[in-house]
Amino acid sequence: MEQVGMFINGEWVQALGGDRTEVVNPANEQVVAAVPRSEAKDARRAVEAACQARRPWAGLPAPERAAYILRAVDYLRADAERLARVVVAEQGKPLREARGELEATIFLLSYAAEWARRIEGDILPAEGAEETILIERVPHGVVLALTPWNYPSVVPARKIGLALITGNTVVLKPHELTPLSALELGRAFDRAGLPAGVLNVVTGVGEEVGAELVRNPAIQYITMTGSVDAGQQIAAAAAGNVTPLSLELGGKAPFIVLDDADLDLAVRHAVSSRFTNCGQVCTCNERTYVQTGVFHEFSERYLAAVRALRVGDPLDPNTDMGPKVSRDELDKVDRMVERAKAQGARVLLGGQPLRGDGYQRGFWYSPTILADVRQDMEIMHSEVFGPVSPLLRFSEFDEAVALANDSQYGLSAYLFTNDFRRVMRAIRDVDFGEIYVNRSGPEAFHAFHSGYRRSGIGGDDGRHGLEQYLRKKTVYLSYGR
Ligand code: NAD
């Protein structure tokens, strides 16, 4: 088993207390590596390093900062196949998807570097003679990035690229289940010669070292992607220092199919937006609403397409779906489906963990479709984050809009129709941060990814995402006598 260090102040180090946590391959339960389990003193060490590095880094011209990022990109590109396999080993998604995650990682960092010559401020006419007013865009200082396990490479890259190009230094704390891909990002930046302390990757448990980092008053901005529960705890702790933050939290995306929809298209996207990454995507189709006229035909075709999914070894090129990320996550999905069944849901497909040949070890759940669900059931309101798809019939368009909006979440929503008026009304009335019409994701990284209600605060990507890593400084300048 590999003993991996973490990256603090330009060095590969162990936790000061000497503790470690193991990283387990979810497809076979083998221990892949052990990483440091940090505590408060490690958190302080990382934040101090990031503070030391802050002014020199912010003082570099942005094109020089971009050059470091692009050098790291070169290392990632040269090593992409190995890194995709690291994603598979710690997270369990099929290799095909992991390769896509590495491509997106490389793309996002390259995209961040493109901002080098585009960070601009404002110049305003002043009230007095021989005076001017400047509004500068300046970095926050030290940014804390807390990232989840479902995209262990691309979510850290999404955050550190924009944080670094805007002149911040970063402490990255990846999820304890999947720290290896984030450490690989640290390694690429290390090889690129990034000055010590500019990027620090600290491993350990969220409630332990994560909470310590959140409470540290030297952290000037927090960007977190993860669950609503953790987001609430982090927001409450950040309030202690009034630290600004961005939270990208869970989702419960409605997937609406109207009578006139192209059913082939709708079925294809319903499958990919539910079963990609074993259903562990914040934008996943979590509840499918189908209009009465096409309900029967859609259900038949959807069932056939989902039945055809091949579940198994993520390294097999023919595999469509891998395991859940951990035993806890598997059990959570299983309990949710059991409660739905007890409330009257009828299992059309799956409905239980996978057992038998090929599934003896690892955290396998069968692709599942549930019928006879009602809107008041838990399965229509709580995020499943697994390969489980409840189907519900509706008759009127307005009813579908009301069902979609009946959620504590507000991240992504899907609509399949060719009716221009209904598309426009849905864009107006569906209260979600991201609406996909006749297509599914992935989202474009130069657009904006943000959720309403409990799905979050702030957002990632594009110009609006970049803005989050900058604060404004207003300068009143007099050059008169
Ligand atoms: P999680 O909330 O358990 O962990 C996210 C990160 O926060 C981890 O690094 C964790 O260690 C840290 N953390 C947890 N509790 C903390 C605390 N009290 N203080 C400081 N840090 C703490 O999330 P997860 O289980 O890894 O991810 C799954 C969730 O993420 C799902 O709900 C999913 O919808 C959501 N997600 C959202 C988006 C989005 O863009 N909106 C993208 C991916 C995943």
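As the structure lists them, so they are numbered: ligands from 1, and atoms in each ligand from 1.
One finds a salt bridge joining Glu81 and Arg85 here, because a Lys/Arg side-chain nitrogen approaches an Asp/Glu carboxylate oxygen to under 4.0 Å. Between Arg137 and Glu467 there is a salt bridge, with a side-chain nitrogen of the basic residue lying less than 4.0 Å from a carboxylate oxygen of the acidic one. In this structure, Arg158 pairs ionically with Glu443, as a charged nitrogen and a carboxylate oxygen lie closer than 4.0 Å. Salt-bridge annotation for Arg96 and Asp320: present, with a side-chain N of the basic residue lying under 4.0 Å from a carboxylate O of the acidic one. At a threshold of 4.0 Å, the pair Glu338-Arg335 does not count as salt-bridged, since none of the basic side-chain nitrogens sits closer than that to a carboxylate oxygen.
Taking atom 20 (C) of ligand 1 as the reference point, the nearest protein heavy-atom neighbour is Gly210 C, 3.2 Å. For atom 44 (C) of ligand 1, the nearest non-hydrogen atom of the protein is Asn150 ND2, 3.4 Å. Nearest protein heavy-atom contact of atom 35 (C) of ligand 1 is Gly226 O, 3.1 Å. Looking from atom 17 (C) of ligand 1 to the surrounding protein, the closest heavy atom is Gly206 O, 3.6 Å. Ranking the protein heavy atoms by distance from atom 32 (O) of ligand 1 puts Glu383 OE1, 2.7 Å first. Closest to atom 15 (N) of ligand 1 among all protein heavy atoms lies Ala230 CB, 3.5 Å.
Checked against a 3.5 angstrom limit, the closest N/O atoms of Glu176 and ligand 1 fall inside it. For ligand 1, the polar-atom distance check finds no N/O of Met224 at less than 3.5 Å from any of the ligand's N/O atoms. In terms of polar-atom proximity, Gln233 is counted as a contact of ligand 1, with an N or O under 3.5 Å from an N or O of the ligand. In terms of polar-atom proximity, defined here as any N/O pair under 3.5 Å, Ser455 makes no such contact with ligand 1. Backbone and side-chain nitrogen or oxygen atoms of Thr147 are examined, and one is located within less than 3.5 angstrom of a nitrogen or oxygen of ligand 1.
Among Phe416, Phe255, Tyr414, the one residue that satisfies the ring pair (Phe, Tyr, Trp, His ring centres under 6.0 Å) test with His269 is Phe416.
Under the 3.5 Å distance criterion, with hydrogens and angles disregarded, no donor-acceptor pair is assigned to the side chains of Glu184 and Ser153. Side-chain contact of Gln408 with His381: a donor-acceptor pair under 3.5 Å is absent, judged by distance alone. Lys173 and Ser38 form no side-chain donor-acceptor contact under 3.5 Å, judged by distance and modelled atom types alone. A donor atom on one side chain and an acceptor atom on the other are found under 3.5 Å apart for Gln375 and Tyr289.
Short contacts between ligand 1 and Lys173, defined as distances under 4.0 Å to a heavy atom of the residue, involve ligand atoms 9 (O), 10 (C), 11 (O). Listed by atom number, the atoms of ligand 1 under 4.0 Å from Trp149 heavy atoms are 24 (P), 25 (O), 26 (O), 27 (O). Shown in contact with Leu411 at under 4.0 Å from a heavy atom are these atoms of ligand 1, numbered in order with element: 41 (N).
Taking a 4.0 Å cut-off on heavy atoms, Pro174 registers as neighbouring ligand 1.
Residue nearest to atom 5 (C) of ligand 1, selected from Leu146, Thr225, Leu172, Val228: Thr225 (by heavy-atom distance).
A cation-pi arrangement is present between Arg187 and Trp12, with the terminal nitrogen or guanidinium carbon under 6.0 Å from the aromatic centre and inside a 45° cone about the axis.
Contacts between Tyr151 and ligand 1 below 4.0 angstrom, taking non-hydrogen atoms only, are absent altogether.
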